[in-house]
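Each residue takes its place number in the sequence, starting with 1.
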Amino acid sequence: VDIKGNIDIISIKPETTVEEKPLSSVKCKIAISSGKGGVGKSTVSANLAVALAKQGYKVGLLDADIFGPSIPKMFGIESERPVADDEGKIVPIEKYGVKILSIGFFVDPKSAIVWRGAMASNAIKQLITDAAWGDLDFFLIDLPPGTSDIHLTIVGSLQLDGAIVVSTPQAVALADAIKGIDMFQNDKVNVPILGLIENMAWFTPAELPNN
């Protein structure tokens with residue numbers, strides 16, 4: 001007896017979804033870093049953001065210094081409180097043409113933030129992914145000083161186009177800046193160094209030694 005099968009094998013391809021990278025509509029993402037605190041990293045970040053905005057670029061600035069946020073104070077917006085849009089996204093505060101977010105908007109400026117590394121990293125992720133940054137030409141990230149979990153979180157979450165390292169002329173500050181550069185150039189991080197800014201430098205002309 002000839003038995004002919006009438007069962008066909010139907011192959012169903014599993015649905016594959018490509019996860020959209022955070023800030024995919026941002027053209028250039030740059031981190032501003034320093035090996036140690038107090039060298040003017042946030043000042044450089046603020047001035048760079050405003051300078052780019054004045055040239056007509058769409059600029060966003062993230063204050064990623066969880067434990068010492070200073071961007072709100074520099075922009076004179078410490079009392080501002082971001083709201084959510086219709087989609088539940090955090091709307092950045094805008095000043096001088098720059099879209100700004102900082103943990104400083106959500107905490108008491110007089111109180112210390114006592115968080116473990118995981119909590120700080122999660123807060124940064126929220127400020128990146130749960131915010132309505134929109135289309136930007138430049139997204140600047142004011143990193144905390146040193147090398148920490150937050151640096152690794154940002155590098156792992158975003159495809160950075162480059163990093164700027166800020167230092168002062170002192171040997172100790174420069175030594176720490178070199179360590180920061182080494183972190184970005186590590187094979188697992190591999191972020192291009194766009195430049196090293198020497199802040200708070202001075203020049204004493206030979207004819208005016210007391211100036």
Side-chain angles (χ1 to χ4, degrees), residues 21-71 74-75 92 98-103 117 120-121 123-125 127-129 131 133 135-203:
K21 292 183 179 179
L23 304 180
S24 58
S25 58
V26 175
K27 294 179 182 177
C28 187
K29 297 178 279 291
I30 300 174
I32 295 90
S33 177
S34 67
K36 65 189 298 295
V39 299
K41 168 184 51 61
S42 295
T43 303
V44 169
S45 300
N47 281 293
L48 180 59
V50 174
L52 288 169
K54 283 191 172 183
Q55 291 184 31
Y57 294 107
K58 296 177 182 177
V59 184
L61 174 59
L62 172 64
D63 184 358
D65 193 348
I66 290 290
F67 303 105
S70 55
I71 291 297
M74 290 185 175
F75 278 83
V98 180
K99 293 181 178 180
I100 304 164
L101 272 184
S102 169
I103 196 65
S121 295
I124 289 297
K125 285 181 180 178
L127 293 178
I128 292 174
T129 60
W133 290 106
D135 296 330
L136 297 175
D137 296 307
F138 290 95
F139 183 69
L140 307 180
I141 307 164
D142 179 22
L143 290 173
T147 55
S148 66
D149 290 348
I150 293 176
H151 295 74
L152 298 178
T153 296
I154 289 176
V155 169
S157 302
L158 300 175
Q159 183 64 44
L160 293 177
D161 295 286
I164 297 171
V165 179
V166 182
S167 178
T168 50
Q170 293 82 12
V172 172
L174 183 58
D176 288 338
I178 291 172
K179 293 176 185 176
I181 292 172
D182 181 70
M183 176 196 68
F184 286 115
Q185 292 183 331
N186 185 283
D187 291 339
K188 295 180 181 178
V189 178
N190 197 26
V191 174
I193 300 295
L194 303 179
L196 172 65
I197 294 178
E198 183 186 29
N199 195 29
M200 305 183 201
W202 62 88
F203 171 69

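Between atom SG of residue C28 and atom CG of residue L194 there is a gap of 7.0 Å, rounded to the nearest 0.5 Å. Rounding to the nearest 0.5 angstrom, the gap separating the CD1 atom in I141 from the CD1 atom in I32 is 7.5 Å. Atom-to-atom distance recorded for F138:CZ and L136:CG is 10.5 Å, nearest 0.5 angstrom. Residue L158 holds its CG atom at 9.5 Å from OG1 of T129, rounded to the nearest 0.5 Å. To the nearest 0.5 Å, atom CD1 of residue I164 and atom CG of residue L143 are 11.0 Å apart. Interatomic distance, S34 OG to I197 CD1, rounded to the nearest 0.5 Å: 11.5 Å.
Counting heavy atoms from C-beta on, the side chains of D176 and V39 never come closer than 4.5 Å. Side chains of V189 and H151 form no contact here, defined as non-hydrogen atoms less than 4.5 Å apart. Between P144 and I66 there is no side-chain heavy-atom pair separated by less than 4.5 Å. Side-chain contact between V98 and L140 is absent, with no heavy atoms from C-beta onward closer than 4.5 Å. Counting heavy atoms from C-beta outward, I30 and L48 have side chains that stay 4.5 Å or more apart. Taking the side chain as every heavy atom from C-beta outward, P169 and W202 approach each other to under 4.5 Å. With contacts defined as side-chain heavy-atom distances shorter than 4.5 Å, the pair L23/S157 does not qualify. For the pair K41 and V44, the minimum side-chain heavy-atom distance is 4.5 Å or more.
Considering all non-hydrogen atoms of both residues, P145 and D65 come closest at CD-OD2, 3.7 Å. Of all the heavy atoms in D142 and S42, the pair that sits closest is OD2-OG, 2.6 Å. Considering all non-hydrogen atoms of both residues, A123 and I103 come closest at CB-CD1, 4.4 Å. Here the shortest heavy-atom pairing between S102 and L127 reads C-CD1, 4.2 Å. In this structure, A64 and I154 approach most closely via the heavy-atom pair CB-CD1, 3.8 Å. Contact record, G40 with N199: CA-ND2, 3.5 Å, taken as the closest heavy-atom pair.
The closest donor-acceptor contact from the side chain of K99 to the backbone of W133 lies under 3.5 Å. Between the side chain of D63 and the backbone N or O of S70 there is at least one donor-acceptor pair closer than 3.5 Å. Within the 3.5 Å criterion, the main-chain N or O of K29 finds a donor-acceptor partner in the side chain of D161.
Using a cut-off of 4.0 Å between Lys/Arg side-chain N and Asp/Glu carboxylate O, K58 and D137 are scored as not salt-bridged.
Considering L174, I181, I178 as possible partners of S167, the one that fulfils the side-chain contact (heavy atoms from CB on, under 4.5 Å) test is L174.
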